[in-house]
Amino acid sequence: MKQHDAMYIDGSWRPAAGGGTIEVVNPADEQVIATVPAGSAADVDAAVHAARAALPGWAATPPGERADRLAALHGRLTARADEIAGTVTAELGAPLAFSQAVHAGVPLAVCASYAELARTYAFEEKIGNSTVLHEPVGVVGAITPWNYPLHQIVAKVAPALAAGCTVVLKPAEDTPLVARLFAECVDEAGIPAGVFNLVTGLGPVAGQALAAHEGVDLVSFTGSTAVGRRIGALAGAEVKRVALELGGKSANVILPGADLARAVAVGVANVMANSGQTCSAWTRMLVHKDSYAEAVELAAAAAAKYVPGERVGPLVNARQQGRVRGYIEQGIAQGARVVAGGPEALEGPGYYVRPTVFADVTPEMGIAQEEIFGPVLALLEYEDEDDAVRIANGTVYGLAGAVWAGDDATAAAFARRLDTGQVDINGGRFNPLAPFGGYKQSGIGRELGPHGLTEYLQTKSLQF
Ligand code: NAD
């Protein structure tokens with residue numbers, strides 16, 4: 001077991017101000033694999049001061065040089081991609097192939113995109129007799145969750161650095177090891193001291209101190225709606241900028257005329273990936289009443305192929321495992337029908353949950369309204385297109401979704417009626433440059449690509 005006793009502040013690894021530690025547990029075998037320091041308000045304060053001190057120099061660094069540093073960071077992350085995948089598998093429990101393809105692969109693509117954007121983005125524009133400057137917002141406090149631990153770090157830190165901001169990162173307590181690896185890569189990439197700082201620690205202590213710190217100009221948070229609300233309230237009280245990426249309960253709408261077998265197979269895979277711990281997962285499958293029975297059979301058969309410990313990993317911790325099993329029990333109690341999986345425990349160690357498919361789900365049930373964050377799919381039946389729109393839009397969330405139809409134009413016309421930030425048409429591919437973020441209570445702001453960069457910029461107009 002590795003005992004880490006330092007945090008990355010002002011360009012070097014320093015001991016924490018307090019003595020507390022956080023245990024990192026491998027969720028597949030429940031063994032403690034490492035400890036990291038539990039940072040305190042004093043550590044956050046030191047990191048914010050370092051970030052403030054580094055801000056003028058980094059903000060004044062020409063974008064082309066910032067691009068060079070981001071390209072060097074991409075190079076270091078690429079060189080350590082296997083280590084990244086192994087680390088995420090150890091602390092999150094994701095199957096190694098998924099860690100390689102997604103947990104390491106996606107952040108590499110996003111980091112490369114911001115090296116390119118820093119080089120090419122128009123940080124100045126002309127509007128009539130004005131020159132408009134797009135300037136960095138300042139010091140960013142980034143608070144990230146554990147479900148895509150490196151992706152969520154890179155999706156904040158890379159655009160912030162491209163924009164000329166400096167950053168203090170407080171990663172999730174369950175997955176601090178890949179955050180440490182990222183800090184090492186930042187250091188190896190020659191990014192100047194203080195531009196990026198890492199404080200590991202507990203949410204209500206280090207996270208809260210960072211969100212409330214007067215030296216932070218923008219808080220960028222990804223995680224639960226409950227914590228997002230608190231952070232939004234704190235930021236509002238101080239007229240501080242805030243970006244929130246929160247939960248989802250996204251709909252996968254299969255219209256008549258779609259390739260049902262493909263739509264159901266891709267839909268089930270989407271929910272089971274990362275053990276269902278994906279904010280944009282299509283956790284509600286909406287099927288026309290004429291195809292509903294067939295879709296239920298297809299979904300149950302597809303889910304049975306997700307064998308825990310092989311194609312699907314454990315949940316991140318015992319609390320999440322208990323929470324997800326609780327939702328499965330709630331679904332049964334409310335009259336939904338389990339056609340695959342169920343709440344029963346699996347043999348052996350690890351925080352596993354059976355991949356579960358519910359049929360006969362009605363829109364008002366808890367399992368059709370709330371984010372479960374586990375491998376649980378709800379199948380709902382609709383009468384006609386208007387009914388499908390009503391059900392799809394009938395939650396407080398609006399992060400993602402999918403539409404399947406006989407042709408793209410029909411699916412896209414339906415997608416225009418959805419209150420949600422992203423929709424995949426007939427299995428459209430993930431695009432790391434497309435804006436990602438929520439309608440309604442799924443959040444405020446957008447990440448990725450040029451839209452993600454503008455979150456870290458503010459404008460100044462010079463009139464001539
Ligand atoms: P969380 O919101 O508690 O944690 C996310 C991050 O916020 C972590 O870094 C945590 O340390 C920090 N945090 C916690 N309390 C804080 C506070 N008071 N002030 C500042 N920072 C704080 O999420 P969780 O408890 O790990 O997961 C619970 C649920 O949240 C999940 O079941 C899921 O529904 C949802 N979730 C959503 C996402 C997403 O990507 N949208 C990610 C993780 C979790």
Can you give each donor-acceptor pair under 3.5 Å made by side-chain atoms of residues 195-202, sequence neighbours left out, with the distance rounded to 0.1 Å?
unit_1 : atom_1 : unit_2 : atom_2 : d
N197   : OD1    : D10    : N      : 2.9
N197   : ND2    : V167   : O      : 3.1
N197   : ND2    : G194   : O      : 2.9
T200   : OG1    : P37    : O      : 2.7

Using atom types as modelled and distance alone, determine if a side-chain donor or acceptor of [X] lies under 3.5 Å from a backbone N or O of [Y].
| X | Y | value |
| --- | --- | --- |
| Q369 | G394 | yes |
| S113 | V110 | yes |
| Q321 | Y352 | yes |
| E173 | G203 | yes |
| H4 | A6 | no |
| Q31 | V25 | no |
| R446 | G438 | yes |

For [X], does the [atom1] atom sit with more than 12 other heavy atoms under 6.0 Å from it, leaving out its own atoms?
| X | atom1 | value |
| --- | --- | --- |
| K440 | NZ | yes |
| E30 | CD | yes |
| E364 | CD | yes |

Closest contact, heavy atoms only, [X] versus [Y]:
| X | Y | answer |
| --- | --- | --- |
| N426 | A411 | ND2-CB, 4.3 Å |
| R337 | V296 | NH2-CG1, 4.5 Å |
| Y292 | L380 | CE1-C, 3.5 Å |

What distance separates [X] [atom1] from [Y] [atom2], expressed to the nearest 0.5 Å?
| X | Y | atom1 | atom2 | result |
| --- | --- | --- | --- | --- |
| F358 | Y327 | CZ | OH | 12.0 Å |
| T278 | N270 | OG1 | CG | 7.0 Å |
| R417 | E385 | CZ | CD | 6.5 Å |
| L108 | L73 | CG | CG | 9.5 Å |
| E381 | S291 | CD | OG | 10.0 Å |
| N252 | L377 | CG | CG | 8.0 Å |

Apply salt bridge (Lys or Arg N to Asp or Glu O under 4.0 Å) to K289 and list each qualifying residue two or more places apart in sequence or on a separate chain.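 Partners of K289 by the salt bridge (Lys or Arg N to Asp or Glu O under 4.0 Å) criterion, ordered by chain and then number, come out as E383.
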
State which residues pass salt bridge (Lys or Arg N to Asp or Glu O under 4.0 Å) with R262; sequence neighbours excluded, sorted by chain then number.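 Testing R262 for salt bridge (Lys or Arg N to Asp or Glu O under 4.0 Å), a comparison that skips the adjacent residues, returns none.
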
I want to check something: taking the side chain as every heavy atom from C-beta on, are [X] and [Y] in contact at a cut-off of under 4.5 Å?
| X | Y | answer |
| --- | --- | --- |
| W404 | V253 | no |
| Q208 | L234 | yes |
| T175 | L177 | no |
| K249 | R284 | yes |
| L77 | I84 | yes |
| F373 | N147 | yes |
| P149 | I153 | no |
| I231 | I143 | yes |

I372 pairs by side chain to side chain contact (heavy atoms under 4.5 Å, CB included) with which of V324, I328, T356?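 With I372 as partner, V324, I328, T356 yield a single side chain to side chain contact (heavy atoms under 4.5 Å, CB included), made by V324.
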
CA sep, side-chain torsions, deciding dist, call: T35, V24, side chain to side chain contact (heavy atoms under 4.5 Å, CB included): CA-CA 6 Å; T35 63; V24 185; over 6 Å; no

Checking side-chain polar atoms at under 3.5 Å, does H103 have a donor or acceptor matched by the opposite partner on N274?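 Looking only at side-chain atoms, N274 and H103 do form a donor-acceptor pair, the distance falling under 3.5 Å.
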
Does W282 have its ring centroid less than 6.0 Å away from the ring centroid of Y397?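 No, too far apart.
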
Inspect the contact between E184 and R80 and indicate whether a charged nitrogen and a carboxylate oxygen are less than 4.0 angstrom apart.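 E184 and R80: salt-bridged.
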
State plainly whether the residues K170 and D43 are in salt-bridge range, i.e. N to O under 4.0 Å.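 No, this pair does not count.
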
Can you name the residues that form a side chain to side chain donor-acceptor pair (under 3.5 Å) with E371, not counting sequence neighbours?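 Here no residue qualifies.
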
State which residues pass side chain to side chain donor-acceptor pair (under 3.5 Å) with T222; sequence neighbours excluded, sorted by chain then number.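 Applying side chain to side chain donor-acceptor pair (under 3.5 Å) to T222 gives K156.
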
Start with the C-alpha distance between R390 and D384, add both sets of side-chain angles, then the distance that settles salt bridge (charged side-chain N to carboxylate O under 4.0 Å, His left out), and finish with yes or no. CA-CA 10 Å; R390 208 166 27 244; D384 54 29; 5.2 Å; no

Going by the angle between their ring planes, with limits at 30° and 60°, are H151 and F430 parallel, tilted or perpendicular?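 Ring orientation of H151 relative to F430: perpendicular.
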
Show every donor-acceptor pair shorter than 3.5 Å between a side-chain atom in residues 311-319 and any protein atom, with sequence neighbours excluded, or say none if there are none.
unit_1 : atom_1 : unit_2 : atom_2 : d
R311   : NH2    : Y306   : OH     : 3.1
N317   : OD1    : R319   : N      : 3.2
N317   : OD1    : Q320   : N      : 2.8
N317   : ND2    : D174   : OD1    : 3.3
N317   : ND2    : D174   : OD2    : 3.4

